[in-house]
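What follows is a single structure, written as structure tokens, with notes after it.
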Amino acid sequence: CERCNNWTGSKYGETFKKFVHSIATNTHATPLRQLSHLSIQTRPWAILKQILTMFRSVTQEQSIAGSALIKKIILDESQTAWPENLYLYICLAGDHRPYLSGFQGKGSMSTHSIDVVSEITFWPLIYTMSAGRPASYAESENLTEISNWKRFGPKDGRMLDLHLIKNCKV
């Protein structure tokens, strides 16, 4: 809702804006399918919570992003409970067009598996959320897992070393 979006923006938005700006500034010239290395000082939980807010705003209530636990994680600054089956990934976007997928299945003929994922592209990043570890999809798309940032404290500032691939244009 608008009230929640305004609240999360006031709590996590400035940190998220600086994070994204740093990535954009340092990777804009990266060619497609090339790897960029960068280090960013940030508050990892603020980034995770802002990304969860984005997914919650574009998915349905019955999805994992619409769950009561995700709402609690977002709206409680000190909350660090994390659903066991929730994974977040990022990679560099190949162009500036925004894209929202909602939930979809990504199939792999080689592994005979289907991964349930949702994607948001908002330059300079593509954000991917998965219900379950999507090994085949994450590896094939060269995604960088960020859900492992949950191991940090909710207000901790950290220097994060990121290795990001610029994926194909959407």
Side-chain angles (χ1 to χ4, degrees), residues 1-2 4-59 63-65 70 73-75 77 80 82 86-104 106 115 117-131 133-134 137-170:
C1 69
E2 183 179 346
C4 294
N5 281 337
N6 288 335
W7 186 88
T8 59
S10 71
K11 297 296 180 183
Y12 316 125
E14 189 63 28
T15 299
F16 186 74
K17 180 178 93 173
K18 288 177 182 175
F19 174 77
V20 169
H21 182 266
S22 182
I23 290 172
T25 301
N26 290 295
T27 64
H28 70 278
T30 303
L32 284 175
R33 294 290 181 199
Q34 294 299 306
L35 181 66
S36 284
H37 302 274
L38 62 150
S39 296
I40 299 175
Q41 178 71 33
T42 193
R43 290 178 28 238
W45 267 101
I47 305 304
L48 292 174
K49 290 179 184 220
Q50 188 61 40
I51 293 169
L52 287 176
T53 299
M54 291 168 25
F55 278 108
R56 186 167 172 85
S57 70
V58 300
T59 59
S63 73
I64 192 166
I70 297 300
I73 290 170
I74 293 168
L75 296 179
E77 288 180 271
T80 59
W82 190 269
L86 179 67
Y87 296 89
L88 292 177
Y89 301 88
I90 58 175
C91 65
L92 297 174
D95 64 23
H96 287 72
R97 288 180 289 165
Y99 173 74
L100 308 171
S101 78
F103 272 87
Q104 60 184 332
K106 297 279 187 172
D115 298 323
V117 299
S118 181
E119 294 175 338
I120 297 173
T121 299
F122 196 76
W123 188 85
L125 293 168
I126 299 171
Y127 308 92
T128 303
M129 181 173 65
S130 172
R133 183 174 293 279
Y137 176 69
E139 290 170 14
S140 69
E141 296 298 322
N142 297 304
L143 303 177
T144 299
E145 183 179 351
I146 62 170
S147 46
N148 54 16
W149 296 352
K150 64 188 176 193
R151 70 184 183 272
F152 302 125
K155 299 203 185 235
D156 287 354
R158 297 286 178 161
M159 182 62 74
L160 299 174
D161 291 318
L162 296 174
H163 307 279
L164 300 171
I165 297 275
K166 184 174 277 186
N167 278 341
C168 293
K169 296 178 181 180
V170 292

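Given the structure is predicted, the values throughout are model-derived calculations rather than measurements.
A distance of 13.0 Å separates CG of Asn26 from NE2 of His37, quoted to the nearest 0.5 Å. If you take CD1 on Ile74 and CG on Leu52, they are separated by 5.0 Å, rounding to the nearest 0.5 Å. Here the straight-line distance linking atom CG of Leu86 with atom CZ of Phe55 works out to 9.0 Å at 0.5 Å rounding. From Ile120, atom CD1 reaches atom CZ of Phe122 across 10.0 Å, with rounding to the nearest 0.5 Å. Atoms CG and SG, on Leu35 and Cys91 in that order, are 12.0 Å from each other to the nearest 0.5 Å. The OG1 atom of Thr53 sits 9.5 Å away from atom CZ of Phe16, with the distance rounded to the nearest 0.5 Å.
Glu14 pairs by the salt bridge (charged side-chain N to carboxylate O under 4.0 Å, His left out) definition with Lys17, not counting sequence neighbours. The side chain to side chain contact (heavy atoms under 4.5 Å, CB included) search around Leu75 returns Cys4, Trp7, Thr8, Lys71, not counting sequence neighbours. Scanning for side chain to side chain contact (heavy atoms under 4.5 Å, CB included) contacts around Thr144 gives Ile90, Leu164, with sequence neighbours left out. The side-chain hydrogen bond (donor to acceptor under 3.5 Å, both in side chains) check on Thr80 picks up nothing, with sequence neighbours excluded. For Glu145, the side chain to side chain contact (heavy atoms under 4.5 Å, CB included) test picks out Tyr87, Tyr89, Arg133, Ser147, Asn148, with sequence neighbours left out.
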Please report, to 0.1 Å, the donor-acceptor pairs under 3.5 Å made by any side chain of residues 39-48, with sequence neighbours excluded.
| from | atom 1 | to | atom 2 | distance (Å) |
| --- | --- | --- | --- | --- |
| Ser39 | OG | Asp161 | OD1 | 2.4 |
| Arg43 | NH1 | Thr15 | OG1 | 3.0 |
| Trp45 | NE1 | Lys150 | O | 3.4 |
| Trp45 | NE1 | Phe152 | O | 2.7 |

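Nearest heavy atom pair, residue Gly94 against residue Leu32, reads CA-CD2, 3.7 Å.
The main-chain N or O of Ser22 is never found under 3.5 Å from a side-chain atom of Thr25 such that the two would form a donor-acceptor pair.
Checked against Leu88 for a side-chain contact (heavy atoms from CB on, under 4.5 Å), the options Trp82, Trp149, Tyr127 give a single hit: Trp82.
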